[in-house]
> 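I'd like to ask you about the structure that follows.
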Amino acid sequence: MESLKYEKLYKMRKKKNLTHEQIASALGMSRSTYTHKENGTRGLDINEAKKIAEFYGVSLDELFNS
């Protein structure tokens with residue numbers, strides 16, 4: 001699997017005008033956990049990646065590739 005470009009998570013969140021708290025709540029994780037995921041200080045497991053892709057309406061391929 002290609003590596004996730006973490007700035008992509010930031011851009012997708014900003015495009016939807018959402019806060020860390022809003023998306024973390026929608027994904028069932030704490031705000032701090034999501035913030036670490038978005039910043040790339042904690043990696044995503046496959047289930048988290050699937051939830052994020054589904055939330056944004058993109059495929060895993062789109063999420064992980066430029």
> Considering all heavy atoms of both residues, which atom of G43 and which atom of Y6 are nearest to each other, and what is their separation?
CA-OH, 3.8 Å

> Which heavy atom of A24 sits nearest to which heavy atom of Y34, and what is that distance?
CB-CB, 3.8 Å

> For the atom pair CG (L60) and CG (N65), what is the distance rounded to the nearest 0.5 Å?
10.0 Å

> According to the side chain to side chain donor-acceptor pair (under 3.5 Å) rule, which pairs have a member within residues 12-21, sequence neighbours left out?
R13-H20, R13-E38, T19-Q22, H20-T35, H20-E38

> Hydrophobic clustering (ILVMFWY, side-chain heavy atoms < 4.5 Å, transitive) - are I52 and Y10 grouped together?
no

> Say you draw a straight line from CZ of F55 to CD1 of I23; how long is it, rounded to the nearest 0.5 Å?
4.5 Å

> Can you tell me how far apart OH (Y56) and CG (L18) are? Round to the nearest 0.5 Å.
6.0 Å

> Do L63 and L9 make a side-chain contact, defined as non-hydrogen atoms from C-beta onward lying under 4.5 Å apart?
yes

> Can you list everything that forms a side chain to side chain contact (heavy atoms under 4.5 Å, CB included) with S32? Sequence neighbours excluded, please.
S30

> Kindly state each residue pair satisfying salt bridge (charged side-chain N to carboxylate O under 4.0 Å, His left out) with at least one member in residues 44-60, sequence neighbours excluded.
K37-E48

